[in-house]
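Remarks on the structure that follows.
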Amino acid sequence: MREYKMYINGEFCDAKETIDSINPCTEEIIAKIPKATIDDTRRAIQAARQAFDSGVWSDFTYDERSIYLKKISEGILENASQLIDIEARDTGKTIKQSTFIDIPVAAECFNYYSNVANFLADEDIKLSTESSKSKLYREPVGVVAQIIPWNYPMIMAAWKMAPALAAGNCIVFKPSQLASLSCLYLAKIIDKTGLPNGVVNIITGEGKSIGDELSKNQDVDMIAFTGSTDIGKKIMQNASSNIKKVCLELGGKSANIVFSDTDIDTVVGGALSAIFMNQGQMCVAGSRLLIEDKIYDEFVKRLVERTKNLKVGDNLDHATDMGPMISKEQRDTVLEYINIGKKEGAKLLCGGKAIQRKGYFVEPTIFEAKNNMRIAQEEIFGPVLCVMKFKNEEEAIKIANDTKYGLAAMVWSKDLDNANRVAKQLRCGQIWINSYGFFYNEAPFGGYKQSGIGKESGQDMIKDYLQKKTVWLSTQEEVPNPFIIR
Ligand code: NAP
Ligand code: MG
């Protein structure tokens with residue numbers, strides 16, 4: 001069993017207690033991770049505070065910092081085979097996915113933020129006077145706490161750490177206790193780059209204690225959180241204690257809207273990926289599938305047929321489409337929602353049960369549902385799809401927007417004017433037209449409504465990790481006296 005340690009002030013360390021890391025496909029304990037205490041957390045915060053205040057990182061030029069980001073990216077690629085294996089065993093995601101998505105995307109994100117000097121440049125502000133000049137400087141926020149969920153640990157770590165570091169901040173990072181292994185492995189890669197002590201600290205343990213401390217602690221200047229809307233609300237409240245900057249990437253219940261002028265087989269493929277990839281444990285899962293009435297029966301028939309043919313099982317087999325849920329608790333939550341759906345009168349079209357074998361497996365499940373049912377309104381975070389029928393564009397938009405969330409949507413139509421018109425009326429942060437799930441570092445990512453505030457990725461995120469300073473400079477020889485009180 002590999003030994004995993006936390007990383008505080010440039011040192012690898014244990015905590016008094018440990019937490020078992022479980023492979024959800026086999027139910028075996030594959031590692032033990034440190035269970036940090038509040039004192040460990042405060043030590044990590046102080047390490048980041050001292051590193052930031054000393055200027056060992058923030059005083060570097062961007063070009064100096066970018067060398068480290070590049071080295072981290074290279075380190076991830078050099079260790080790709082270990083990371084791919086760890087990520088799959090720790091989370092249950094398919095090896096196909098960790099190979100082609102999680103690890104390369106994480107490496108590319110560090111690489112991207114090593115090439116964005118222009119986002120940090122100072123600016124001259126154009127004024128309506130010539131008696132003064134004004135300059136805008138962008139400076140790091142300070143100590144940033146970052147908390148992530150378990151569904152995409154390496155990608156989330158990269159999305160959070162890379163822009164924050166590029167901007168000159170120092171970090172205390174906490175992954176989910178259910179999936180910490182790849183992030184602790186990343187600590188070794190970061191350490192090898194020679195990054196100054198305290199610039200990145202990685203602690204593991206329970207969110208309700210150490211995550212709570214990170215969001216309350218007065219020495220933390222900003223908190224960047226990805227996770228559920230309920231915990232996001234708590235974090236926002238805690239952050240008010242010292243007016244921390246917050247960036248929240250929260251839950252979703254995204255609509256996948258299919259108009260009748262589409263190729264059914266292609267779109268069925270898109271709809272399957274949108275709900276069953278990562279076992280449906282995706283914030284942007286297309287968990288509400290809205291189909292135009294003219295093609296509804298045929299579309300649903302083919303969708304159910306293909307769902308029944310999905311290969312669910314050993315996640316280390318490259319032919320597998322779906323692995324297990326992350327944990328027993330998550331599996332039980334999903335099964336409970338399936339029961340709720342049945343009680344609400346939703347019609348079960350396929351799936352609906354746990355799979356009787358080792359591991360936390362649930363059958364890919366489809367319900368014909370109504371949008372006001374709990375299974376269509378609450379985030380299940382599992383392989384459960386609600387299909388619904390619509391008559392026209394107006395009704396599709398109304399159903400799609402009828403949710404407290406606003407993370408993503410998909411629109412399928414050969415008429416691009418139609419698709420764009422619909423996209424503009426959807427109240428959510430990203431919309432894919434005739435595709436699903438593309439993410440590029442250049443484009444901002446984030447939610448509307450209760451799906452969050454702030455944007456990750458692209459320029460927006462690095463700007464969120466910076467604060468703006470305006471400096472005024474008089475251009476007159478004599479000190480001007482614009483004061484009302486002389
Ligand atoms: P979660 O329960 O909200 O937990 C997320 C993180 O917060 C974990 O590290 C957790 O620690 C920690 N935490 C728990 N209680 C806390 C507290 N009181 N104070 C501070 N931190 C606390 O979410 P999850 O179940 O891990 O992940 C699923 C959720 O993430 C879904 O709602 C999904 O939509 C959302 N998500 C959103 C995005 C996005 O970009 N919008 C992306 C991915 C996932 P422990 O669990 O280790 O105790
Ligand atoms: Mg695990």
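Values reported hereafter were calculated over all heavy atoms of this structure, with side chains retained and with hydrogens, waters and symmetry mates removed. Both counts, for ligands and for their atoms, begin at 1 and track the order of listing.
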I'd like to check which ligand 1 atoms, numbered from 1 as shown, lie under 4.0 Å from a non-hydrogen atom of [X].
{"X": "Glu206", "value": "48 (O)"}
{"X": "Asp212", "value": "19 (N), 20 (C)"}
{"X": "Lys208", "value": "15 (N), 16 (C), 18 (N)"}

How far is [atom] from its nearest protein heavy atom, and which residue and atom is that?
{"atom": "atom 47 (O) of ligand 1", "result": "Gln177 N, 2.7 Å"}
{"atom": "atom 28 (C) of ligand 1", "result": "Phe381 CE2, 3.5 Å"}
{"atom": "atom 12 (C) of ligand 1", "result": "Ile147 CG2, 3.7 Å"}
{"atom": "atom 17 (C) of ligand 1", "result": "Gly207 O, 3.4 Å"}
{"atom": "atom 40 (O) of ligand 1", "result": "Phe445 CE2, 3.2 Å"}
{"atom": "atom 8 (C) of ligand 1", "result": "Ile148 O, 3.4 Å"}
{"atom": "atom 25 (O) of ligand 1", "result": "Trp150 NE1, 3.2 Å"}
{"atom": "atom 11 (O) of ligand 1", "result": "Lys174 NZ, 3.1 Å"}

Side chain of Lys353, backbone of Glu363: donor and acceptor closer than 3.5 Å?
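The answer is no, because no donor-acceptor pair under 3.5 Å joins these two groups.
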Could a heavy atom of Met156 be found less than 4.0 Å from some atom of ligand 1?
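Met156: in contact with ligand 1 (<4.0 Å).
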Taking only non-hydrogen atoms of Gly205, do any sit less than 4.0 angstrom from ligand 1?
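Per 4.0 Å heavy-atom rule, Gly205 contacts ligand 1.
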Closer than 4.0 angstrom, basic N to acidic O: yes or no for Arg89 and Asp85?
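A salt bridge is present here (some side-chain N lies under 4.0 Å from a carboxylate O).
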Out of curiosity, Lys208 NZ to Lys234 NZ, how far, rounded to the nearest 0.5 Å?
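The NZ atom of Lys234 is 10.0 Å from NZ of Lys208, to the nearest 0.5 Å.
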CD on Gln97 to CD on Gln279, rounded to 0.5 Å:
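Gln279 CD to Gln97 CD: 7.0 Å, rounded to 0.5 Å.
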Results of side-chain contact (heavy atoms from CB on, under 4.5 Å) for Asn401 - residues two or more places apart only:
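Here the qualifying residues are Ile397, Leu426, Arg427.
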Could you see which bit of [X] sits under 4.0 Å from ligand 1, with heavy atoms only: side chain, backbone, both or neither?
{"X": "Phe225", "value": "side chain"}
{"X": "Ile235", "value": "side chain"}
{"X": "Gln281", "value": "neither"}
{"X": "Glu249", "value": "both"}

For a 4.5 angstrom cut-off between non-hydrogen side-chain atoms, does [X] reach [Y]?
{"X": "Met154", "Y": "Ile76", "value": "yes"}
{"X": "Met388", "Y": "Asn371", "value": "yes"}
{"X": "Tyr7", "Y": "Lys188", "value": "no"}
{"X": "Asp40", "Y": "Ile210", "value": "no"}

Out of Cys283, Gly227, Pro149, whose heavy atom is nearest to atom 35 (C) of ligand 1?
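Among Cys283, Gly227, Pro149, the closest heavy atom to atom 35 (C) of ligand 1 comes from Gly227.
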Determine, considering heavy atoms only, which of Gly429, Ser228, Pro175 sits nearest to atom 23 (O) of ligand 1.
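Closest candidate by heavy-atom distance is Ser228.
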How about Tyr68 and Trp57: are their ring centroids closer than 6.0 Å?
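Yes, close enough.
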N or O pair under 3.5 Å between Glu456 and ligand 1
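No, there is no polar N/O contact under 3.5 Å.
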Polar atom proximity, Leu250 to ligand 1 (N or O, under 3.5 Å)
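For ligand 1, there is an N or O atom that lies under 3.5 Å from one belonging to Leu250.
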Going by atom types alone, do Tyr185 and Asn79 pair a side-chain donor with an acceptor below 3.5 Å?
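Their side chains do contain a donor-acceptor pair, which is all the 3.5 Å distance test asks for.
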With Asp321, which residues qualify under side-chain hydrogen bond (donor to acceptor under 3.5 Å, both in side chains), at least two apart?
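Checked Asp321 against side-chain hydrogen bond (donor to acceptor under 3.5 Å, both in side chains); matches are Lys96.
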Against the six-membered ring of Phe361, is Arg357 placed for a cation-pi contact (under 6.0 Å from the centre, within 45° of the normal)?
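Geometry flag: set, cation within 6.0 Å and 45°.
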